[in-house]
Amino acid sequence: MRTQVAIVGAGPAGLLLSHLLWLDGIDSVILENRSRDYVERRVRAGVCEDPTVKLLRDVGLAERLDREGLPHHGIVLRFDGEDHRIALTDLTGRTITVYGQQEIVKDLIAARLKAGAQIHFEVSDVEVHDVTGDRPRVTYKDSAGAVQEIQADVIAGCDGFHGISRPSIPDSELTVYDHVYPFAWLGVLVKAPPANDELIYANHERGFALHSMRTPEVTRLYLQVDPSDSLDQWSDARIWDELHARFAIDGDFSLHEGPILERLLSPMRSFVVEPMRYGRLFLAGDSAHIVPPTGAKGMNLAVHDVLVLSRAFKELLQSGRTDLVESYSDTCLRRVWRAEHFSYFMTSMLHRAHDADPFQHRLQLSQLRYTASSTAAATSLAENYVGLPFP
Ligand code: FAD
Ligand code: DHB
């Protein structure tokens, strides 16, 4: 099989890259080791930055997002038993949109298949070869177990943090920056209406909690838990007790309980490899970098990476020029490091360590109060949260 761009991974990065290339008349093939049903059901991100939404609109992918997505004009920081609203739109003129990542993935798969794209699900043993030459190849086993080979001009490694693309690059070619936080998130999807119209980021002495949503009928809630915890330590009753305690406020507020539809445990780390390229293999999205979820940046970074990558591939494949492929990694890493810093800032401001040094805790409260009371500090949070403009 021959194609121009072989893409490993059908997450937001791989699927959107394939769509952007198609708009430019460039052919691609996507290989995904999970089933279509699995990737369409995988519950993850919920917050789309303003530039992400604008891009999806520009490339014809926002019809359902514009109908069902929930535009938000502010977020709430809850600490000291009080709410402090960060007025995102008043401060920046822009909004964020709550629309589940798996809805974007569904929209992308539908659009790609309608355009006749090749997405091979349930493949295995994907390997990349000859990436330092002009004719890279990808081999894999198809869903029936038969060995297949794709010859391509370039390969995009969009296979997430646990994929094969990054590990196939020799260690000596990459610099790794890795920071593991002493926290994890327990996330639940609940069939009950959200208790507030806006997201609530709560700093409580028992730990951080986040109130988000997916639809007017479905709430998304997260609790900071210990990284060594397992899901079986968290019964429904314990989850609700902890959520009620952490969202308690001086005044009226109560979460709406309902059946838990889905639950997940997610460790928290910051991870970046530099450069995001080895020969004709280009890394994009979580395969190259991870942020802790507190800043809601991971999927948005993946979207930015593939926008930059699609322009670079277009220039390379249609005019033979290499400027943009040469600058791809540096261009993306600038935004990646801004998001790493912002996510680190949000994480450290909002989470409580068990062995919290009282000095650290005083600093945290001071930072929260400053952010809530200074227009300059609130604007800095807001412009990072809604997303700095794409190039
Ligand atoms: P992925 O979505 O991981 O996709 C990679 C794909 O590659 C997958 O489909 C995988 O099955 C496939 N794959 C893996 N290995 C192979 C292989 N060997 N062969 C073939 N295919 C393979 N981000 C935000 O922007 N906003 C948020 O609000 C937000 N909240 C989050 C909350 C939680 C709890 C979590 C866990 C993450 C959150 N994120 C958020 C992060 C976001 O979900 C990720 O950054 C995003 O999924 C990255 O997209 P991707 O396409 O790079 O990788
Ligand atoms: C959601 C996830 C996040 O990481 C975040 O910061 C805000 C919202 C969500 O899943 O809705």
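All ligand and atom numbering here is 1-based and tracks the order in the structure.
The minimum heavy-atom distance between Ser348 and Gln364, with the atom names listed, is O-NE2, 2.9 Å. For Pro275 against Leu174, the heavy-atom pair with the smallest separation is O-CD2, 3.3 Å. Of all heavy-atom pairs spanning Arg166 and Phe161, the tightest one is NH2-O, 3.1 Å. In this structure, Ala284 and Leu309 approach most closely via the heavy-atom pair CB-CD2, 4.4 Å. The shortest non-hydrogen separation linking Lys106 to Arg64 is CB-NH2, 4.1 Å. Nearest heavy atom pair, residue Val325 against residue Arg277, reads O-NH1, 3.5 Å.
Scanning the protein for heavy atoms near atom 39 (N) of ligand 1, the closest one is Ala45 CB, 3.7 Å. Regarding atom 49 (O) of ligand 1, its nearest protein heavy-atom neighbour is Pro12 CD, 3.6 Å. Looking at atom 1 (P) of ligand 1, its nearest protein heavy atom turns out to be Arg44 NH1, 3.4 Å. For atom 4 (O) of ligand 1, the closest heavy atom belonging to the protein is Gly11 CA, 3.4 Å. Given atom 1 (C) of ligand 2, the protein heavy atom at minimum distance is Tyr222 CE1, 3.8 Å. Scanning the protein for heavy atoms near atom 11 (O) of ligand 2, the closest one is Ser212 OG, 2.6 Å. When hydrogens are left out, the protein atom nearest atom 52 (O) of ligand 1 is Asp286 N, 2.9 Å; that is the closest non-hydrogen contact.
Paired with Glu49 under the rule side-chain hydrogen bond (donor to acceptor under 3.5 Å, both in side chains), one option of Lys297, Arg94, His304 passes, and it is Lys297.
Ion pair Arg334/Asp330 not flagged as a salt bridge, since none of the NZ, NE, NH1 or NH2 atoms sits closer than 4.0 Å to an Asp/Glu carboxylate oxygen. A salt bridge does not link Arg214 to Glu68: none of the charged side-chain nitrogens sits closer than 4.0 Å to a carboxylate oxygen. Using a 4.0 Å cut-off between charged side-chain N and carboxylate O, Asp241 and Arg206 make no salt bridge.
Applying the 4.0 Å criterion to heavy atoms of Arg34 picks out, from ligand 1, the atoms 11 (O). The contact set between ligand 2 and Tyr201, taken as ligand atoms under 4.0 Å from a residue heavy atom, comprises 5 (C), 6 (O), 7 (C). Per-residue contacts place Cys158 under 4.0 angstrom from the following atoms of ligand 1 (heavy atoms of the residue considered): 5 (C), 6 (C), 7 (O). With ligand atoms numbered from 1 in the order given, ligand 1 contributes 24 (C), 25 (O) to contacts under 4.0 Å with heavy atoms of Lys297. Annotation for ligand 2: atoms under 4.0 Å from non-hydrogen atoms of Arg44 are 10 (O). Those atoms of ligand 2 with a heavy atom of Val47 less than 4.0 angstrom away are 7 (C), 8 (C). Taking every heavy atom of Gly160 and a limit of under 4.0 angstrom, the matching atoms of ligand 1 come to 3 (O), 5 (C), 53 (O). Atoms of ligand 2 lying under 4.0 Å from any heavy atom of Ala296, numbered from 1 in the order shown and given with element: 5 (C), 6 (O). Of all the atoms in ligand 2, the ones that sit under 4.0 Å from a non-hydrogen atom of Thr294 are 6 (O).
Residue contacts with ligand 1: Asn300 is placed with a nitrogen or oxygen under 3.5 Å of a nitrogen or oxygen of the ligand (distance criterion only). Between Trp185 and ligand 2, no N or O atom pair is found at a separation short of 3.5 Å. Taking only nitrogen or oxygen atoms, main chain and side chain alike, Tyr385 does not reach within less than 3.5 Å of ligand 2. For ligand 1, the polar-atom distance check against Gly285 finds no nitrogen or oxygen pair separated by under 3.5 Å. The shortest N or O to N or O distance between Ser266 and ligand 1 is not below 3.5 Å. Considering backbone and side-chain N/O atoms, Ala13 comes within less than 3.5 Å of an N/O atom of ligand 1. Note: no N/O pair closer than 3.5 Å links Trp185 and ligand 1 by distance alone. The shortest N or O to N or O distance between Glu32 and ligand 1 is below 3.5 Å. On a distance-only criterion, Pro293 and ligand 1 share no N/O pair closer than 3.5 Å. Checked against a 3.5 angstrom limit, the closest N/O atoms of Val126 and ligand 1 fall outside it. For ligand 1, the polar-atom distance check against Ala296 finds a nitrogen or oxygen pair separated by under 3.5 Å. Taking any N or O of Arg42, backbone or side chain, at least one lies under 3.5 Å from an N or O belonging to ligand 1.
Between the Arg112 side chain and the Ile30 main chain, no donor and acceptor come within less than 3.5 Å of each other. In this structure a side-chain-to-backbone donor-acceptor pair under 3.5 Å is present from Asp305 to Gly285. Between the side chain of Thr219 and the backbone N or O of Met213 there is no donor-acceptor pair closer than 3.5 Å.
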**Request:** Could you check His289 against Trp337 for side-chain hydrogen bond (donor to acceptor under 3.5 Å, both in side chains), going step by step and ending with a plain yes or no?
**Result:** CA-CA 10 Å; His289 41 75; Trp337 280 110; over 6 Å; no
**Message:** Quick one, Ser35 with Asp37, criterion side-chain hydrogen bond (donor to acceptor under 3.5 Å, both in side chains). Give me CA distance, side-chain angles, the key distance, then yes/no.
**Reply:** CA-CA 5 Å; Ser35 66; Asp37 188 56; 5.2 Å; no
**Prompt:** Can you list the steps and then say if Gln148 with Val123 is a side chain to side chain contact (heavy atoms under 4.5 Å, CB included)?
**Reply:** CA-CA 10 Å; Gln148 304 285 354; Val123 306; over 6 Å; no
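With ring centers used as reference points, His179 lies 6.0 Å or more from Tyr177. Checked against a 6.0 Å centroid threshold, the rings of Phe183 and Phe208 do not count as neighbours.
A cation-pi arrangement is absent between Arg311 and Tyr328, since the terminal nitrogen or guanidinium carbon is not both under 6.0 Å from the aromatic centre and inside a 45° cone about the axis. Because its NZ or CZ atom is both nearer than 6.0 Å to the ring centre of Phe253 and within 45° of the ring axis, Arg78 counts as a cation-pi partner of that residue.
The side-chain heavy atoms of Ile104 and Met299, taken from C-beta on, include a pair separated by under 4.5 Å.
Remark: atom 37 (C) of ligand 1 lies closer than 4.0 Å to no protein heavy atom.
Within the set Asp159, Leu265, Leu186, the minimum heavy-atom distance to atom 14 (C) of ligand 1 is found for Asp159. When the heavy-atom distances from atom 33 (C) of ligand 1 to Phe121, Tyr140, Tyr222 are ranked, the shortest goes to Tyr222. In the candidate list Ile96, Val303, Asn33, Val8, Asn33 is nearest to atom 16 (C) of ligand 1, counting heavy atoms. Comparing Gln101, Met299, Met268 by heavy-atom distance to atom 43 (O) of ligand 1, the nearest is Gln101.
Counting heavy atoms under 4.0 Å from ligand 2, residue Arg214 touches it through the side chain alone. At a heavy-atom distance under 4.0 Å, atoms from both the backbone and the side chain of Pro293 approach ligand 2. When non-hydrogen atoms are compared, ligand 2 lies under 4.0 Å from the side chain of Leu199 (C-beta onward) but not from its backbone.
Proximity of Gly187 to ligand 1 is not established, as no heavy-atom distance is less than 4.0 Å. Assignment of Tyr38 to the shell around ligand 1 is not supported, since no heavy atom sits closer than 4.0 Å.
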